[in-house]
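Following: one structure in structure tokens, then a few remarks.
Because the structure is a prediction, the values reported are computed rather than measured.
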Number of protein chains: 2
Amino acid sequence: MGQGVAEAIAKKNDLLQNILGEKVRIVGAFDSSSHVLNRSGLDPMDLLRIKMANRNLGKKTTEDIKDILPRIEYDTLVEMTPTNIKNGQPGLGHIRSALSAGHNVVTSNKGPLALKFREISKLAKKNNAMLRFEASVGGATPVINLASELLICENIYSIRGIMNGTCNYILNRMETEGMQFEPALREAQQMGYAETDPSYDIDGIDSACKVAILANAIMGKDITVNDVSRTGIRGINLAAVNLAGQDKKVVRLIGEVTDRGGEVSPRLIPVGHPLSIGGTLNTFSIQTDLAGEITVAGRGAGRAETSSAVMSDIFAVMRERQAQSHRT
Amino acid sequence: MGQGVAEAIAKKNDLLQNILGEKVRIVGAFDSSSHVLNRSGLDPMDLLRIKMANRNLGKKTTEDIKDILPRIEYDTLVEMTPTNIKNGQPGLGHIRSALSAGHNVVTSNKGPLALKFREISKLAKKNNAMLRFEASVGGATPVINLASELLICENIYSIRGIMNGTCNYILNRMETEGMQFEPALREAQQMGYAETDPSYDIDGIDSACKVAILANAIMGKDITVNDVSRTGIRGINLAAVNLAGQDKKVVRLIGEVTDRGGEVSPRLIPVGHPLSIGGTLNTFSIQTDLAGEITVAGRGAGRAETSSAVMSDIFAVMRERQAQSHRT
């Protein structure tokens, strides 16, 4: 995923220069076992070539990354390690290290946000640092920035959505091809949508993480993924899908955030409703007082898609930094 | 529509005070034949009560509004007169009057934007004034601000959408209820969706206005509604809708903006695609380089919905004014 961000920076640096009058300068890059640092800037395409050729970035990392970070001169940490839903590590340690020193953080990592949202958002505030995480929910779909920026004048009552593309693919194949659950799941695995251990997707854990993040980030709640009530799609058989179809409805795994808390469960959705869409898209419907229901949909996963969300957060951080420097 | 904005201001002024440290002060209000001015501020709920009780706002307007505006001390004109697709008047005159004196404009009026976009956006730029028009396309749906703010790092290739709720209602009734075109149109008229002269909706004129505005505002084109190639839905009969249905497709009136220009025409859309939704929603799918396809949907019309978009633009103007005052 980090390689996608390097690609996006290479692709968009001229645009940033045009709009903001400055480019992103990469002063360090880390993978799981190696890293490279350069205060005067690393070329993103060089980084990609080195990683591709050598399968590492150069120097073997012998220390915990969270202990290396304080010795680097940098502005913003882009944290892209994989989600760990047990304790949020190692991402949580990296994010704490950056924020506590007043560095901004842009992350795609659901773990720290689904487990320790309140702690790290307080840490950011206390140290006057920005914490942005559009990529953590819905991949390319700009649901967080839409809700918190474009709908800033709205009272948001609830958010409902298709938050896991793998489950939606399986349910959609059952309804359109008459497949049973198991073969549809195997097909999703063969297509590379589902993990070998599919529990994270089909038992609703991934959706529950996103529900927790949206509840905290948009509706001001203080919950973790473990507070989200959760039913997956293992219990959905073809008969249930067909019965729904006779009533012009489809079965969808819906994540929901309301004032009462978070829930993930299969629901019946009328055909033609924005939450009835097929494929692997993520879709979020936001209920508000003036605008009514606003829905946003996009690709929930993928390297370019995730880097798109990360890039929009990097842009926002750069613009806000400039605004702050004007104010002071 | 102006009454909806007054209601929204009354409802949201405390929120604005909280976020921005200032409220909207209404220093003048106009309807088609009367007006009221007060430099120290008019209470929006008082305005609504007066308008409701007397069917006017007080003083009879004997002059052209565009000639009254220069004598008022104000910051931002909220222009909500009805769309006139022939020459954009009287909205165009009001907008020119405001922008040429350096006042900001927030408008829901498609006419001036679909006919004279380049002229008035240049006028705004020249006079260092803001021109915002989220409400002119898609009602509550934040498609313009989504594309121009949240997707600012993306290369936008094209925009396709269901841009007219009335047509979508008619097509949806044909496919779900087996109705012929004429009775479905009469039903839409009885429900208050379609005008007595339905040509503006069903011949695609309304959609073509939105296509022109999106082409100009988001894709940097310089076109008018008259440059948009246009086929409406009068020629769609039940047999065509049923044939599409047998192939798991629906007929939708799609507005499209690409690098080649604008087009409105009926298209076949696969069931389950974001552009297959039913009802009167407006839906816009934006094709980009990194994010892929991002879709946003919402209510395309209605008093509260339009005022939601106007309110978000008023907020953006207030915030940008504050940022500018910090920079100078």
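- Interface residue L150(A): backbone and side-chain heavy atoms are both found under 4.5 Å from chain B.
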I'd like a table of the N/O donor-acceptor pairs between chain A and chain B - cut-off under 3.5 Å, distance only.
{"residue": "K12(A)", "atom": "NZ", "partner": "C153(B)", "partner atom": "O", "Å": "2.9"}
{"residue": "K12(A)", "atom": "NZ", "partner": "D289(B)", "partner atom": "OD1", "Å": "3.4"}
{"residue": "K12(A)", "atom": "NZ", "partner": "D289(B)", "partner atom": "OD2", "Å": "2.7"}
{"residue": "C153(A)", "atom": "O", "partner": "K12(B)", "partner atom": "NZ", "Å": "2.8"}
{"residue": "E154(A)", "atom": "OE2", "partner": "S308(B)", "partner atom": "OG", "Å": "2.7"}
{"residue": "T176(A)", "atom": "O", "partner": "K248(B)", "partner atom": "NZ", "Å": "3.3"}
{"residue": "K248(A)", "atom": "NZ", "partner": "T176(B)", "partner atom": "O", "Å": "3.4"}
{"residue": "G272(A)", "atom": "O", "partner": "G278(B)", "partner atom": "N", "Å": "2.9"}
{"residue": "G278(A)", "atom": "N", "partner": "G272(B)", "partner atom": "O", "Å": "2.9"}
{"residue": "D289(A)", "atom": "OD1", "partner": "K12(B)", "partner atom": "NZ", "Å": "3.4"}
{"residue": "D289(A)", "atom": "OD2", "partner": "K12(B)", "partner atom": "NZ", "Å": "2.7"}
{"residue": "T295(A)", "atom": "N", "partner": "A297(B)", "partner atom": "O", "Å": "2.8"}
{"residue": "T295(A)", "atom": "O", "partner": "A297(B)", "partner atom": "N", "Å": "2.7"}
{"residue": "A297(A)", "atom": "N", "partner": "T295(B)", "partner atom": "O", "Å": "2.7"}
{"residue": "A297(A)", "atom": "O", "partner": "T295(B)", "partner atom": "N", "Å": "2.8"}
{"residue": "S308(A)", "atom": "OG", "partner": "E154(B)", "partner atom": "OE2", "Å": "2.7"}

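- Separation of atoms CD1 (I19(A)) and CD1 (I152(B)) is listed at 4.0 Å; rounding is to 0.5 Å.
- Between chain A and the options L281(B), I277(B), I314(B), heavy-atom pairs under 4.5 Å are most frequent for I277(B).
- Of the residues considered (G278(B), A297(B), G4(B), A140(B)), A297(B) shows the highest number of contacts with chain A, using heavy-atom pairs under 4.5 Å.
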**OP:** Assess whether side chain to side chain contact (heavy atoms under 4.5 Å, CB included) is satisfied between L16(A) and C153(B), documenting all intermediate values.
**Re:** CA-CA 8 Å; L16(A) 297 179; C153(B) 293; 4.3 Å; yes
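- For chain A, no part of I286(B) is nearby; none of its heavy atoms comes within less than 4.5 Å.
- Your options are P274(A), G139(A), A8(A), A291(A), and the one with the most heavy-atom pairs under 4.5 Å with chain B is A291(A).
- Within the 4.5 angstrom heavy-atom criterion, only side-chain atoms of L15(B), from C-beta onward, approach chain A.
- When all heavy atoms of I294(B) and G298(A) are compared, the pair lying nearest together is CD1-CA, 4.3 Å.
- Listed by first and then second residue, the ring-ring contact (aromatic ring centres under 6.0 Å, His included) pairs that reach into residues 286-324 of chain B come to none, sequence neighbours excluded.
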